[in-house]
Protein chains: 2
Amino acid sequence: MGHRLLSRCFGFKSNKLILKEELPQFNSTFSIDCVIFGFDGGELKILLIERNEEPFKDWWALPGNLVRANESLDQSASRILNELTGLGDIYMEQYYTFGDPDRHPQGRVVSIAYYALLRLGGDKALKPISTYAKQAHWVNVKDLPKLAFDHQQIFDKGLEKIKRRIKHQPIAFELLPEKFTLTQLQNVYELILGKKLDKRNFRKKMLSFGVLRDLDEKQKGVSFRAATLYRFDKRKYAKLFGKEISF
Amino acid sequence: MGHRLLSRCFGFKSNKLILKEELPQFNSTFSIDCVIFGFDGGELKILLIERNEEPFKDWWALPGNLVRANESLDQSASRILNELTGLGDIYMEQYYTFGDPDRHPQGRVVSIAYYALLRLGGDKALKPISTYAKQAHWVNVKDLPKLAFDHQQIFDKGLEKIKRRIKHQPIAFELLPEKFTLTQLQNVYELILGKKLDKRNFRKKMLSFGVLRDLDEKQKGVSFRAATLYRFDKRKYAKLFGKEISF
DNA sequence: ACATTTACTGTGTTATTTACACTAACCCTG
DNA sequence: CAGGGTTAGTGTAAATAACACAGTAAATGT
């Protein structure tokens with residue numbers, strides 16, 4: 001068992017009393033919780049599950065799970081997302097770890113939080129749910145139900161993080177289809193930053209970074225003037241090295 | 001024991017094979033590692049310990065320890081810092097969690113990383129070291145030895161984080177004494193950002209934020225023209241709400 | 001053709017950033 | 001006490017970025 005090794009390697013004396021007090025591993029574990037943001041062209045949503053197990057049975061919660069013995073934290077987060085959505089190769093980022101001793105009513109569970117960003121195609125089906133959840137739903141971030149555990153806090157911090165990040169990093173594109181219009185891009189910024197932006201200034205600035213490729217192609221299937229489509233050009237972005245995008 | 005409860009609450013079936021594969025808590029725990037930055041007026045340093053235990057006996061490492069059963073992560077980080085330096089009420093911030101399955105040779109140890117910022121008075125004695133370390137030293141960040149475990153990676157990420165943070169948040173003052181000169185403040189920015197800044201522009205911008213109080217007092221004990229002393233004014237900073245400092 | 005809806009465009013004003021070099025004050029030494 | 005050494009302290013002009021603001025163009029549907 002691990003405690004002997006661990007106590008030695010961290011220099012604790014092998015006094016059982018001290019061990020019981022100091023070492024948490026007999027009654028603890030770690031999990032991943034994910035704030036999975038999705039954008040469907042109009043609303044910013046996150047994926048919530050309805051729990052089918054105690055504690056917090058029937059409550060809504062962030063998708064999460066225990067970390068397996070042989071997977072890294074990033075792998076674990078990807079797996080959780082994949083198990084729910086069937087998707088892989090999704091942008092995810094670890095942003096904070098929550099570890100209050102009493103955040104979980106049944107033991108010490110330290111939870112490492114990730115956010116994910118993806119685009120919601122109209123037909124994106126969720127995979128069948130595993131036993132611990134009854135169902136999963138995309139919920140508008142402006143209309144969240146009460147959440148289990150400290151998940152409201154985890155969500156709040158996640159939203160705060162992407163607010164900061166979108167100002168300097170090209171993460172908005174993760175929420176959009178490959179081809180998008182400038183208006184859609186502006187929508188993403190406005191939803192995440194929580195404020196209206198001036199259209200002309202937004203377009204001027206965004207184009208000035210030189211990271212968008214004009215596709216010479218128009219939007220289709222809209223009942224009004226079609227907008228031109230753009231694509232985010234990773235090569236051009238890489239060449240910005242040093243210069244920072246800033247909103 | 002916790003596994004039963006935990007497996008239930010996360011919806012795993014109580015099948016021992018599955019448990020062994022999926023649940024890590026039998027051979028795992030979590031620790032805190034701290035990048036403790038100190039500024040002595042000239043150099044930016046971090047506190048390293050020389051390990052006295054396997055693995056990595058005799059290597060230099062970041063101060064760290066296991067999290068105790070009843071303390072929060074923040075409390076644990078503060079305790080580790082206090083045990084080494086005797087100091088309390090120090091600025092600390094959690095910034096990333098490292099959890100590769102093989103980052104620790106003797107078991108799964110997920111480590112939550114914190115950075116701390118403090119000023120080094122000339123006479124700041126370190127406390128006697130506990131059994132797991134032979135000694136602790138302040139080491140210039142430009143001259144770090146090879147570090148144990150993945151501690152180089154943990155340090156790198158910590159430095160990266162304070163680089164970002166110092167641009168928008170008033171953390172530089174944590175590294176300085178209460179009364180400081182503008183030149184000292186500029187030194188801190190230059191050391192952390194890793195580049196020279198223009199003196200006149202720096203002073204102009206810094207003063208324009210209106211968060212420094214001119215103390216009508218001069219530096220003492222220098223063998224040249226004495227500079228005026230300033231203090232960071234938290235009240236004035238609080239009133240900036242919304243407006244952001246930016247370098 | 002007309003109404004409706006969204007795409008698209010430019011300029012003047014103000015604030016911020018940048019680049020840049022000399023004098024002032026103080027200490028120390030001879 | 002004069003002069004050398006060292007750091008403190010100061011201003012301006014030019015370039016760039018930020019901001020406020022409104023009307024025409026293009027496509028669709030009736």
Using OP1 and OP2 only, check whether a side-chain N or O of [X] sits under 4.0 Å from [N].
X        : N     : result
A:Thr183 : C:dA7 : yes
B:Thr228 : D:dA8 : no
A:Arg203 : C:dC8 : yes

Using a strict 4.0 Å threshold on nitrogen-to-oxygen distance, state whether [X] and [Y] make a salt bridge.
X        : Y        : answer
A:Glu190 : A:Lys195 : no
B:Glu244 : A:Arg164 : yes
B:Asp58  : B:Lys134 : yes
A:Lys179 : A:Asp216 : no

[X] [atom1] - [N] [atom2] separation (whole Å):
X        : N      : atom1 : atom2 : answer
B:Gln219 : D:dT7  : CD    : P     : 11 Å
B:Lys195 : C:dT18 : NZ    : C1'   : 12 Å
A:Glu217 : C:dA7  : CD    : P     : 16 Å
A:Arg200 : D:dA17 : CZ    : C1'   : 17 Å
A:Leu182 : C:dT6  : CG    : P     : 16 Å
A:Lys199 : C:dC8  : NZ    : P     : 8 Å
A:Asn187 : C:dT6  : CG    : P     : 11 Å
B:Lys220 : C:dA25 : NZ    : P     : 20 Å

Which residue, B:Ser246 or A:Arg225, contacts DNA chain C at a nucleotide closer to its 5' end, judged by nearest heavy atom?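 Here A:Arg225 is the residue nearer the 5' end.
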Assess the pair B:Tyr230 and B:Phe180: is the distance between their ring centroids shorter than 6.0 Å?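 When the ring centroids of B:Tyr230 and B:Phe180 are compared, they turn out to be at least 6.0 Å apart.
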Could you tell me whether A:Thr181 contacts a base, only the sugar-phosphate backbone, or nothing, with contacts defined as non-hydrogen atoms closer than 4.0 Å?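 The residue A:Thr181 makes no contact with any strand.
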Quick one, which residues of residues 204-212 of chain B touch DNA chain C with a heavy atom under 4.0 Å?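 Contacting residues: B:Lys204, B:Lys205.
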Could you go step by step and tell me if A:Tyr96 and B:Tyr95 meet the ring pair (Phe, Tyr, Trp, His ring centres under 6.0 Å) rule? CA-CA 7 Å; A:Tyr96 202 74; B:Tyr95 68 89; over 10 Å; no
Name the closest nucleotide to the B:Lys218 side chain, picking from C:dA19, C:dC8, D:dG9.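 Selected nucleotide (nearest to the side chain): D:dG9.
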Which of these nucleotides, D:dA26, D:dA22, C:dT5, is closest to any side-chain atom of A:Phe224?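 Of the candidates, C:dT5 comes closest.
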Under a 3.5 Å distance rule, please check whether B:Asp150 uses its side chain to pair with a backbone N or O of B:Gln153 as donor and acceptor.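 Side chain of B:Asp150 to backbone of B:Gln153, a donor-acceptor pair under 3.5 Å: no, none is there.
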